[in-house]
Amino acid sequence: GFFRPLAITMSRGMYFAFGMDYGLHHAFILLLHLTNGLLLFCLSRRILKADLPAFLCALLFLLYPTQIPSVAWISSLSDILLTMLFLLSMVFFRMAQDSRLAIGKPLSLFFAILAMFTRETGVLLPVLLVGLHFFIDRPIISLKKHQNLWHELFRFLPFFASSAAVLVLQAALKSKSQAATAFGLGPHFAGNYLRYLGSFFFANRF
């Protein structure tokens with residue numbers, strides 16, 4: 001009943017490739033986890049402008065015990081795959097900002113859409129991109145001094161339009177959408193939102 005077509009396709013592909021060899025399944029999950037650590041290092045290095053803090057950030061992510069369920073359980077493939085697509089979208093979005101890479105934003109949008117087809121909460125990625133942009137890349141306080149704030153917000157329109165389209169599709173398919181309820185004002189969403197907001201504020205000050 002969940003809207004996870006990409007995760008289901010990946011799971012079937014793993015079964016086709018590995019059969020019932022659980023060791024190979026687990027090795028593939030570990031490879032995805034290591035890939036996420038590398039992507040987080042790339043993103044952190046672009047944000048912190050230093051290799052050592054970025055390496056420590058990625059190392060903490062790879063070894064912190066809270067990652068155990070996502071890495072140890074084959075059934076958590078959607079979590080680790082969603083993380084990889086989130087990070088890919090953020091990395092290419094940041095590359096487009098730093099180097100004016102023309103293909104960076106289309107690739108960021110492509111991986112964002114894949115994330116939305118991996119797990120319901122993928123539709124929240126545009127919110128994270130806005131936070132990354134306005135709280136870390138270009139603090140909103142400095143943007144208020146200029147008249148290009150709406151121009152800055154306009155670049156996120158394709159991401160939010162994709163999220164809205166996926167939410168409509170989820171509703172049409174009557175899927176058990178965690179993301180649809182996440183936009184409510186419940187304590188779970190409020191707690192996550194405050195954690196994201198706090199991390200952006202602290203990262204900017206640090």
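Throughout, numbering of the chain's residues begins at 1 and tracks the sequence.
A continuous path of hydrophobic side-chain contacts links Met20 to Ile74 [ILVMFWY only; heavy atoms under 4.5 Å]. Hydrophobic clustering (side-chain heavy atoms under 4.5 Å, transitive across Ile, Leu, Val, Met, Phe, Trp, Tyr) keeps Tyr22 apart from Phe28. The cluster map of Ile, Leu, Val, Met, Phe, Trp and Tyr, joined by side-chain heavy atoms under 4.5 Å apart, puts Met10 and Leu31 in different clusters. Val168 and Ile113 fall into different hydrophobic clusters, where Ile, Leu, Val, Met, Phe, Trp and Tyr residues are linked whenever their side-chain heavy atoms come under 4.5 Å apart, directly or through other members. Cluster membership for Trp73 and Leu30, using ILVMFWY side-chain heavy atoms within less than 4.5 angstrom, is not shared.
The shortest heavy-atom contact between Phe61 and Asn36 is CE2-CB, 3.8 Å. Across all their heavy atoms, Ser78 and Thr118 have their closest contact at O-CG2, 3.8 Å. Contact between Phe160 and Val127 at its shortest, heavy atoms only, is CZ-N, 4.2 Å. Nearest heavy atom pair, residue Ser162 against residue Pro158, reads OG-O, 2.8 Å. Closest approach of Leu48 to Pro53, counting heavy atoms only: CD1-CB, 3.7 Å. Across Ser89 and Leu125, no two heavy atoms sit closer than the pair OG-CD2, 3.5 Å.
Summarising the geometry, atom CG belonging to Leu167 is positioned 10.0 Å from atom CZ belonging to Phe3; distances are rounded to the nearest 0.5 Å. Residue Leu39 holds its CG atom at 10.5 Å from OG of Ser44, rounded to the nearest 0.5 Å. Atom CZ in Arg45 sits 5.5 Å away from atom CG in Asp51 (nearest 0.5 Å). Between the CD atom of Gln170 and the CE atom of Met116 there is a distance of 10.0 Å, given to the nearest 0.5 Å.
A heavy-atom distance below 4.5 Å is not found between the side chains of Met95 and Leu107. Side-chain contact check for Leu40 versus Thr83: every heavy-atom pair is 4.5 Å or farther apart. Residues Val91 and Phe86 form no side-chain contact, since every pair of their non-hydrogen atoms from C-beta on lies 4.5 Å or further apart. Under the 4.5 Å side-chain criterion, counting only non-hydrogen atoms from C-beta, Pro126 is not in contact with Phe156.
Just one residue in the list Leu82, Ile29, Ile8 forms a side chain to side chain contact (heavy atoms under 4.5 Å, CB included) with Leu77, and that residue is Ile29.
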Checking Leu38 against Leu34 for the side chain to side chain contact (heavy atoms under 4.5 Å, CB included) test, could you report, in this order, the C-alpha distance in whole Å, the side-chain angles of both residues, the deciding distance, and whether it holds? CA-CA 6 Å; Leu38 179 61; Leu34 292 173; over 6 Å; no
Could you walk me through whether Val166 and Glu120 satisfy the side chain to side chain contact (heavy atoms under 4.5 Å, CB included) test, starting with their C-alpha distance in whole Å, then the side-chain angles of each, then the deciding distance to 0.1 Å, before giving a yes or no? CA-CA 9 Å; Val166 171; Glu120 309 79 47; over 6 Å; no
Start with the C-alpha distance between Leu85 and Leu6, add both sets of side-chain angles, then the distance that settles side chain to side chain contact (heavy atoms under 4.5 Å, CB included), and finish with yes or no. CA-CA 11 Å; Leu85 294 171; Leu6 184 59; 3.9 Å; yes
Could you go through Met84 and His33, starting from their C-alpha distance and side-chain angles, then the distance that decides it, and tell me whether this counts as side chain to side chain contact (heavy atoms under 4.5 Å, CB included)? CA-CA 8 Å; Met84 184 178 71; His33 185 56; over 6 Å; no
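Between Phe18 and His26, the ring center distance fails the sub-6.0 Å criterion. If you look at Phe110 and Phe92, their ring centroids are not closer than 6.0 Å.
For the pair Ser163 (side chain) and Val123 (backbone), a donor-acceptor distance under 3.5 Å is present. Counting only distance, with no hydrogens or angles, the side chain of Arg119 and the backbone of Asp79 share no donor-acceptor pair below 3.5 Å. His25 places no side-chain N or O within 3.5 Å of a backbone atom of Tyr15 that could act as its donor or acceptor partner. Judged purely by atom type and a 3.5 angstrom limit, Ser108 has no side-chain atom pairing as donor or acceptor with the backbone of Gly104.
With sequence neighbours left out, the ring pair (Phe, Tyr, Trp, His ring centres under 6.0 Å) criterion links Phe41 to no other residue.
Note: Phe93 and Phe159 have perpendicular aromatic rings, judged against thresholds of 30 and 60 degrees for the angle between ring planes.
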